[in-house]
Chemist: 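Got a structure for you, questions after.
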Amino acid sequence: MIKLSERIGYGLGDMASSMFWKLFGAYLMIFYTDIFGISAAIVGTMFAITRIWDSMFDPIVGVIADRTNSKWGKFRPYLLFLALPFALIGIFTFTTPNFGETGKVVYAFITYTLMMMVYSAINVPYASLLGVMTPNPNERNTLATYRMTFAYLGSFVALLLFMPLVNAFEGSDKQATYGWMTAPQFGWMMAVVVIGCLSALLFLGCFALTKERVQAMKEKQTPLKTDLKDLLHNRPWWILLGAGVASLIFNSIRDGATVYYFKYFVDETTFGSIEFAGIPFVLSGLYLAVGQAANILGVILAAPVSNKIGKRQTFMGAMLLATLLSSIFYFFEKDQLVLIFVFQALISICAGSIFPLLWSMYADCSDYSELRTGNRATGLIFSSSSMSQKFGWAIGTAVTGWMLAAFGFEANGVQNSETLNGIKMFLSFLPAAGTLLSCVFIFFYPLSEKKMKEITKALEEKRNTAQSTSNQA
């Protein structure tokens with residue numbers, strides 16, 4: 001039985017990474033177009049190139065992590081040694097250099113690529129940690145629930161406070177300069193400094209509170225060729241990879257277009273700021289924060305519902321409902337704020353419920369592979385979850401950038417009706433296509449709860465036999 005302190009410690013890791021991940025999803029594109037100063041088409045291309053490369057980098061990290069041996073285990077050392085680089089490179093990503101347009105594009109490519117690589121280098125081992133903390137599938141569901149609850153809590157805090165932090169650091173004089181940076185550019189950078197420091201501390205807390213327990217049956221490390229062969233013949237892994245990519249397309253399009261939706265369609269400036277506890281919040285920030293709070297509710301519901309009706313059925317039900325709700329979202333007018341916020345909450349509950357299921361199912365895929373082959377490539381299998389995230393975000397954000405350009409988007413200008421209609425589609429029909437596709441994939445997922453009980457029992461017997469043989473020797 002995993003102690004509460006260790007469950008919380010595991011959750012702190014995803015709280016750290018999610019604070020940055022949500023900033024990338026919700027604010028990085030509009031930062032590049034409206035603050036940094038490069039075109040939407042270039043941003044879309046950059047996202048596609050860097051994230052596709054980074055997706056291929058994830059399995060490399062998984063392979064290296066599987067072959068890591070230290071006094072802290074296979075995966076925990078990465079949390080210790082990469083926490084600070086993770087924060088620093090994130091700050092550089094949101095820093096505007098004193099370069100011309102070409103120099104800015106090169107700088108953006110380099111810093112964003114490095115950010116995604118260090119994200120992989122710390123997040124793949126963190127995700128893999130779930131597979132070695134406990135062999136119990138239900139306990140993994142609980143750990144995944146803690147993970148996603150803390151992830152959405154971190155996202156909630158980051159999204160709620162980010163724009164107030166930006167506004168506080170840039171000051172009342174928007175024309176002021178701080179060195180080579182304008183006030184808005186300085187405000188964005190300093191807000192990320194705060195988020196980066198918090199993330200580093202949370203990763204260190206995760207390292208300190210968690211423990212690795214599950215050992216593979218084989219003591220001898222298998223060749224990489226064997227690991228890859230086993231992975232490519234793991235049918236449930238392929239299905240989860242497809243479902244994960246489709247789900248992240250859904251999320252990335254919605255998140256990436258939110259600020260555009262409120263800035264150009266709703267025109268949130270006409271509503272002014274909403275003050276709470278003396279802090280002024282804008283509508284887009286509240287909308288995103290409501291989504292994260294609703295995500296947490298979805299995460300909390302995921303374990304009891306899936307334990308009752310099964311992971312596959314829970315996943316499909318949530319995504320089918322999200323498809324319907326997202327399609328209806330298109331028809332809301334900009335003054336129907338109550339409906340906009342209510343549907344954001346409902347859609348986000350559906351979205352929140354599927355991700356702990358995905359993480360738990362990846363752990364099940366690792367058990368499935370070990371029973372079939374005797375080889376437990378936990379890091380390689382879990383790297384696919386990060387890989388699917390990157391592919392999904394690559395496709396979703398690239399499509400958002402390219403379609404903004406195709407719809408005639410002009411940064412900081414008045415948008416025509418075609419552009420506004422396109423921005424509406426980014427929060428409705430386009431993400432609905434992603435949720436529907438994820439349902440198609442997960443329909444074929446074969447590892448039911450009954451099947452996993454059989455696999456867990458068989459693995460336990462094999463491990464006990466292997467241990468007895470080892471002791472006798």
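Note: hydrogens, waters and symmetry copies are ignored here, and every other heavy atom, side chains too, is used.
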Chemist: Are side-chain heavy atoms of C365 and L240 found at a separation under 4.5 Å?
Modeler: yes
Chemist: Looking at the rings of W188 and F169, which for Trp means the six-membered one, are their centres under 6.0 Å apart?
Modeler: no
Chemist: What distance do M117 atom CE and T50 atom OG1 have between them, rounded to the nearest 0.5 Å?
Modeler: 11.5 Å
Chemist: Can a donor-acceptor pair be found between the side chains of T435 and T323 at a distance below 3.5 Å?
Modeler: yes
Chemist: Between K74 and D66, is there a salt bridge with N-O shorter than 4.0 Å?
Modeler: no
Chemist: Below 4.5 Å, heavy atoms only, C-beta onward: do W237 and Y368 meet side chain to side chain?
Modeler: no
Chemist: Of the non-hydrogen atoms in F315 and A243, which two are nearest, and what is the gap between them?
Modeler: CZ-CB, 4.3 Å
Chemist: Could you measure the distance from the CG atom of L23 to the CG atom of L28? Nearest 0.5 Å is fine.
Modeler: 9.0 Å
Chemist: Let me confirm one number: the CE-CD1 distance from M133 to I2, rounded to the nearest 0.5 Å.
Modeler: 5.0 Å
Chemist: Are any of the side-chain nitrogens in D364 or K451 under 4.0 Å away from the carboxylate oxygens of its partner?
Modeler: no
Chemist: Looking at E6 and R213, does any basic side-chain N land under 4.0 Å from a carboxylate oxygen?
Modeler: yes
Chemist: Is the backbone N or O of I64 less than 3.5 Å from a side-chain atom of T68, with the two atoms forming a donor-acceptor pair by type?
Modeler: yes
Chemist: Any side-chain heavy atom of I455 sitting closer than 4.5 Å to one from L447?
Modeler: yes
Chemist: List the steps, then state whether side chain to side chain contact (heavy atoms under 4.5 Å, CB included) holds for Y107 with F99.
Modeler: CA-CA 9 Å; Y107 177 88; F99 298 155; 4.0 Å; yes
Chemist: Indicate the atoms forming the closest heavy-atom contact of I253 with P431, along with that distance.
Modeler: CG2-CD, 4.0 Å
Chemist: Using 30° and 60° as the class boundaries, would you call the ring planes of F24 and W21 parallel, tilted or perpendicular?
Modeler: perpendicular
Chemist: Do Y27 and F31 have ring centroids that are under 6.0 Å from one another?
Modeler: no
Chemist: In this structure, which one of T145, L202, D14, I8 forms a side chain to side chain contact (heavy atoms under 4.5 Å, CB included) with F150?
Modeler: I8
Chemist: Can L248 and F355 be said to form a side chain to side chain contact (heavy atoms under 4.5 Å, CB included), step by step?
Modeler: CA-CA 10 Å; L248 266 298; F355 289 106; 3.4 Å; yes
Chemist: Can you tell me how far the CD1 atom of I91 sits from the CZ atom of F86, to the nearest 0.5 Å?
Modeler: 11.0 Å
Chemist: Going from CD on Q344 to CG on L288, what distance comes out if it is rounded to the nearest 0.5 angstrom?
Modeler: 7.0 Å
Chemist: Closest heavy-atom contact between S39 and T33?
Modeler: C-CG2, 4.2 Å
Chemist: Could you tell me if the side chain of Y445 sits less than 4.5 Å from the side chain of R235, heavy atoms only?
Modeler: no
Chemist: Using a 6.0 Å cut-off, check whether atom NZ of K104 has over 12 heavy atoms from anything other than its own residue.
Modeler: yes
Chemist: With a sphere of 6.0 Å drawn around CD of E454, does it hold more than 12 non-hydrogen atoms of other residues, nucleotides or ligands?
Modeler: yes
Chemist: Can you tell me if S360 uses its side chain to pair, donor with acceptor, with the backbone of P356 under 3.5 Å?
Modeler: no
Chemist: Can you list everything that forms a salt bridge (Lys or Arg N to Asp or Glu O under 4.0 Å) with R76? Sequence neighbours excluded, please.
Modeler: none
Chemist: To check you understand the geometry: which heavy-atom pair defines the closest contact between G196 and A87, and what is its length?
Modeler: O-CB, 3.2 Å
Chemist: Can you tell me if S18 uses its side chain to pair, donor with acceptor, with the backbone of M15 under 3.5 Å?
Modeler: no
Chemist: Taking it one step at a time, do T111 and I89 satisfy side chain to side chain contact (heavy atoms under 4.5 Å, CB included)?
Modeler: CA-CA 7 Å; T111 54; I89 298 174; 5.6 Å; no
Chemist: Determine whether the aromatic ring centres of Y112 and F47 lie less than 6.0 Å apart.
Modeler: yes
Chemist: Begin from the C-alpha positions of T258 and S284 and carry the test side chain to side chain donor-acceptor pair (under 3.5 Å) through to its verdict.
Modeler: CA-CA 7 Å; T258 290; S284 56; over 6 Å; no
Chemist: With distance as the sole criterion, is a donor-acceptor pair present between the side chains of Y260 and T400 under 3.5 Å?
Modeler: no
Chemist: Are any of the side-chain heavy atoms of F36 and F94 separated by less than 4.5 Å?
Modeler: no
Chemist: Any side-chain to backbone donor/acceptor pair from Q292 onto L159? Under 3.5 Å, distance only.
Modeler: no
Chemist: Please say which of I122, L198, L12 ends up in a side chain to side chain contact (heavy atoms under 4.5 Å, CB included) with F203.
Modeler: I122
Chemist: Could you state the interatomic distance from OG (S17) to CG (N123), rounded to the nearest 0.5 Å?
Modeler: 4.5 Å
Chemist: Is the backbone of I38 close enough, under 3.5 Å, to the side chain of E101 for a donor and an acceptor to pair up by distance?
Modeler: no
Chemist: I'd like to know if the side chain of R312 and the backbone of F443 have a donor-acceptor N/O pair within less than 3.5 Å.
Modeler: yes
Chemist: Are the aromatic ring centres of Y126 and Y10 under 6.0 angstrom apart?
Modeler: yes
Chemist: On a heavy-atom basis, which atom in S120 and which in V61 lie closest, and how many Å separate them?
Modeler: O-CG1, 3.7 Å
Chemist: Relative to F426, does R254 satisfy both conditions: NZ or CZ under 6.0 angstrom from the six-membered ring centre, and within 45 degrees of the ring's axis?
Modeler: no
Chemist: Start with the C-alpha distance between Y32 and M29, add both sets of side-chain angles, then the distance that settles side chain to side chain contact (heavy atoms under 4.5 Å, CB included), and finish with yes or no.
Modeler: CA-CA 5 Å; Y32 279 137; M29 177 168 283; 5.9 Å; no
Chemist: Would you say the side chain of F250 lies within less than 4.5 Å of the side chain of L437, judging by non-hydrogen atoms?
Modeler: no
Chemist: For a quick test of reading the model, state the closest non-hydrogen atom pair linking M319 to C439 and the distance between them.
Modeler: CB-SG, 3.3 Å
Chemist: So, are R7 and E139 salt-bridged, with charged N and O less than 4.0 Å apart?
Modeler: yes
Chemist: With a 4.5 Å cut-off on side-chain heavy atoms, are F156 and N295 touching?
Modeler: no
Chemist: Check whether any side-chain heavy atom of F207 sits under 4.5 Å from a side-chain heavy atom of F75, and report yes or no.
Modeler: no
Chemist: Counting distance only, does the side-chain N/O of S199 pair as donor-acceptor with the main-chain N or O of A16 below 3.5 Å?
Modeler: yes
Chemist: Treating S306 as the side-chain partner and A303 as the backbone partner, does any N or O pair qualify as donor plus acceptor under 3.5 Å?
Modeler: yes
Chemist: Treating S252 as the side-chain partner and I249 as the backbone partner, does any N or O pair qualify as donor plus acceptor under 3.5 Å?
Modeler: yes
Chemist: CZ of F92: more than 12 outside heavy atoms within 6.0 angstrom?
Modeler: no
